[in-house]
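In this text the structure is predicted, and so the values were computed from the model without any measurement.
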Amino acid sequence: MAPNSFTKIYLTPEAETLPATQRAFRLLVYPEYRIVDAPTDIPPEDQNQSTLFITSYRGQTVHKCPGSRGHLCCNYLTIDLYLGCSLGCTYCIMKSYLNFSPLTVYADPAPSLKRIQALAQQYPHRVLRIGTGETGDSLLLDPLFDLSRPLIEGLADLPNVYLELKTKTTHVDHLLDIPKKGNAIIAFSLNAKEIQEQEEGTSASIEKRIAAAVKAFRAGYGLAFHFDPIVRFSGWKESYSYTIDLLRKVPAERIRWISLGTLRFTSALRDRLEDRPYLFEEFVPCRDGKYRYLQPIRIQMYKWFLKELSMVTDAPIYLCMESVDVWKAVYGNIPMKLDALRDIFIGIPCKT
Amino acid sequence: MVQSMKIGDVASMPPLFPFQESFCPVEDLLKRELYPPLPLWERGDRAGCTIVWGKRIVEKLSELPMKEVLVRKFGPGELTLTEALIVWIGLEQRQGGWRWTELADLYPFVQKHRISLPEPLLSTLVGSEENWHRVEQFMQLSEPLRQLVSEEKLDLKTALRVKSIDPQAIEQLKPVLESLSYSERRILLRLFYEVVQRDRLDSPQSMDLASRLKDTPKPLEELYRIRHPSLHHLQETYHATVDTFLKGTGIKVTPPPYFEGTQFKVEFSFEKGSQLQRKALTLQKLSEKIDPVIETLVYGTE
């Protein structure tokens, strides 16, 4: 899981002097790079995930999670620090649109930081959950660029802001010495051991992720875990039980939330995915056009997870991109009517 | 230089290229203006004089009461192999494009002789230089899949997806495939492939499955059932309970598509109050029975 597995580096002129770029170049022992005005100037042969593109340019500084038609969204806010990921998970949604793009680093987090600070002050009584792991792994390249640090430090004094750094790596060491962490959360995607080993490319093993979580909580971070995508395969219960059992190594009260999401994909993504055994299960088209396991099967899977996880933690557990019907079947109600989940699901009533 | 030559002399010359030329009907051949002077190439090597294009025409002409044919003779150094191929492609004057099998013949030749065709000509063949890889992909297919693609009964994308299906199984499936529409054929092959993969069927087992489908009146439905056993089970459960209960009542209750969601729809029509009363009574009876069915179908509760 090398964070520097790229073979070419391009950057826009203004990115050259940014502290994050300077730091990365120092750690990479001053690599060769080329200046381009825009990503479109990168030659076609380098338009792939082995190329690193560093820029400060960004359009919108903060996004709302796009959600999924007909499915309940947790109104998460996202900041794009890293676009693309080289871990190589076989089910990765980004394969449907980022295959021919370089790994992009938005090396100037200041505009996003300012926007979040402004939103937090504008809505002091709302919980703002913000993540940097929507379009890439939050921490895969972070030891090089250290872009999470200014966000953690800059949001530490805002009690209603929960910054979540989501990863499948163990790259937490560079963040441990930050003195004020506020509500910052290091979150780990978790899966069955077999799925990690066979389908999650060069990601860290589940045991190593939990070990990194232990380091993170000892340093004062909150923790979150995401069982997503949950994959159904022969022996899935035993395998996920093993992962759930590993959660006992972290203090239950430090887990801020856990999310669950069964495997889902668009037909476009399915065409891009190589054939893997898990794709030969039964999937049906749902209201958002994505394919999921049959509803009764999903419901039973979620119920099983809730039961197992409730023996380990009483942290809020929510479903990612699920329908009202599934919510009602699993929880008896929609999240906005559940005390434990209401704060998580109330969004901010404005454009980001 | 254009000259007239005895047909017998030309007919004895070998063709320069191994590619099959377009068929030319005899009646067209009699209208001499429909074909140009046939290009011949004296390459200067041991091969002697070869027919660059028109071998089939010469063969046909030799069956007719004609003695001579117009030719255009090229000497050593007057043509390169690339130019000769350009002449060949140009004289074919294809309006309807090229078949996959023809491209699969052309491609190795082009590769072997490192021939770079000019862009306009390449466009008529495969669209662009990069598209040659599609020909390479076609060549990787098994014979029965190649045949389906070249006969335009299957798209290349689907063929590539299912290319690991045992060729003998596809042969076995042929009568079924022939009976289906284009889109049904794609679906069937895709489902077949997925079942083979999921159940890790070996060659004899794939053949068995193909044979089973061949003998069933509705092969696509049967295969869908095999591919989606849980969904089929839900459909069967629904049919055995709700549909059976409502049979002959004129009431239709439709479950949510793929049992995704919880909204069941009721449809019926009536002309007078007594009819409506009967429907309402039936629905009342159904309502007393349907909850366990819904529990199973929608929530997965056993």
Side-chain angles (χ1 to χ4, degrees), chain A residues 44-45 47 68-72 100 231-234 262 264 267-307 321-334, chain B residues 128-130 155-165 183 186-187 189-201 206 209 223-238 255-264 291-302:
Chain A
E45 63 271 22
Q47 294 278 4
S68 212
R69 183 165 40 89
H71 293 74
L72 290 177
F100 303 108
V231 180
R232 188 177 154 89
F233 58 98
S234 171
T262 54
R264 55 204 177 276
S267 58
L269 175 62
R270 177 64 188 89
D271 281 344
R272 283 188 174 261
L273 296 178
E274 61 173 308
D275 285 335
R276 304 294 305 161
Y278 62 83
L279 289 170
F280 298 114
E281 271 287 326
E282 286 180 77
F283 297 94
V284 292
C286 298
R287 268 169 282 185
D288 57 356
K290 287 181 185 163
Y291 285 76
R292 291 176 173 82
Y293 297 121
L294 284 165
Q295 179 176 287
I297 290 174
R298 301 205 307 278
I299 289 170
Q300 292 309 309
M301 290 174 83
Y302 288 134
K303 281 183 173 175
W304 181 87
F305 266 90
L306 279 187
K307 184 166 153 268
M321 299 297 168
E322 267 302 351
S323 64
V324 168
D325 299 313
V326 170
W327 269 96
K328 284 182 176 172
V330 176
Y331 288 86
N333 218 328
I334 57 170
Chain B
S128 67
E129 185 84 45
E130 298 84 59
D155 58 299
L156 181 63
K157 189 177 159 188
T158 304
L160 288 169
R161 178 67 84 173
V162 305
K163 71 177 179 186
S164 64
I165 299 177
S183 61
R186 290 176 65 191
I187 295 168
L189 281 169
R190 185 91 181 229
L191 291 173
F192 190 91
Y193 164 75
E194 288 173 354
V195 171
V196 168
Q197 292 294 313
R198 183 194 64 192
D199 299 343
R200 295 179 184 163
L201 302 185
S206 300
L209 177 61
L223 189 55
Y224 195 83
R225 188 189 66 73
I226 296 168
R227 173 65 185 92
H228 297 281
S230 302
L231 181 60
H232 179 73
H233 173 69
L234 295 181
Q235 286 162 340
E236 286 290 292
T237 305
Y238 187 78
Y258 302 101
F259 301 97
E260 179 71 28
T262 52
Q263 304 292 308
F264 286 73
D291 277 351
V293 182
I294 291 175
E295 282 292 318
T296 305
L297 297 176
V298 177
Y299 301 116
T301 315
E302 293 301 330

Measure the shortest side-chain to side-chain distance between [X] and [Y] over non-hydrogen atoms and say whether it is less than 4.5 angstrom.
{"X": "A:D271", "Y": "B:R161", "answer": "yes"}
{"X": "B:V298", "Y": "A:D325", "answer": "no"}
{"X": "A:F280", "Y": "B:Y193", "answer": "yes"}
{"X": "A:R298", "Y": "B:E260", "answer": "yes"}
{"X": "A:P296", "Y": "B:L234", "answer": "yes"}

ask   = Is it the backbone or the side chain of B:P257 that comes under 4.5 Å from a heavy atom of chain A, or both, or neither?
value =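 Answer is neither: B:P257 stays 4.5 Å or more from chain A.
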ask   = Heavy-atom distance under 4.5 Å to chain A: side chain of B:L297, backbone, both or neither?
value =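 The backbone, not the side chain.
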ask   = Can you tell me if NZ on A:K328 sees more than 12 non-hydrogen neighbours from other groups inside 6.0 Å?
value =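 Incorrect, the count does not exceed 12.
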query = Between atom CG of A:L294 and atom NE2 of B:H228, what is the distance when rounded to the nearest 0.5 Å?
reply =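 Reported value, rounded in 0.5 Å steps: 9.0 Å.
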query = Just by modelled atom types, is the B:R227 backbone N or O under 3.5 Å from a matching donor or acceptor in the A:E282 side chain?
reply =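 Judged by distance alone, no pair lies under 3.5 Å.
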inquiry  = I'd like to know if the side chain of A:Q295 and the backbone of B:Y299 have a donor-acceptor N/O pair within less than 3.5 Å.
reply    =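 Not at all, since once roles are kept as given, no pair shorter than 3.5 Å links the two residues.
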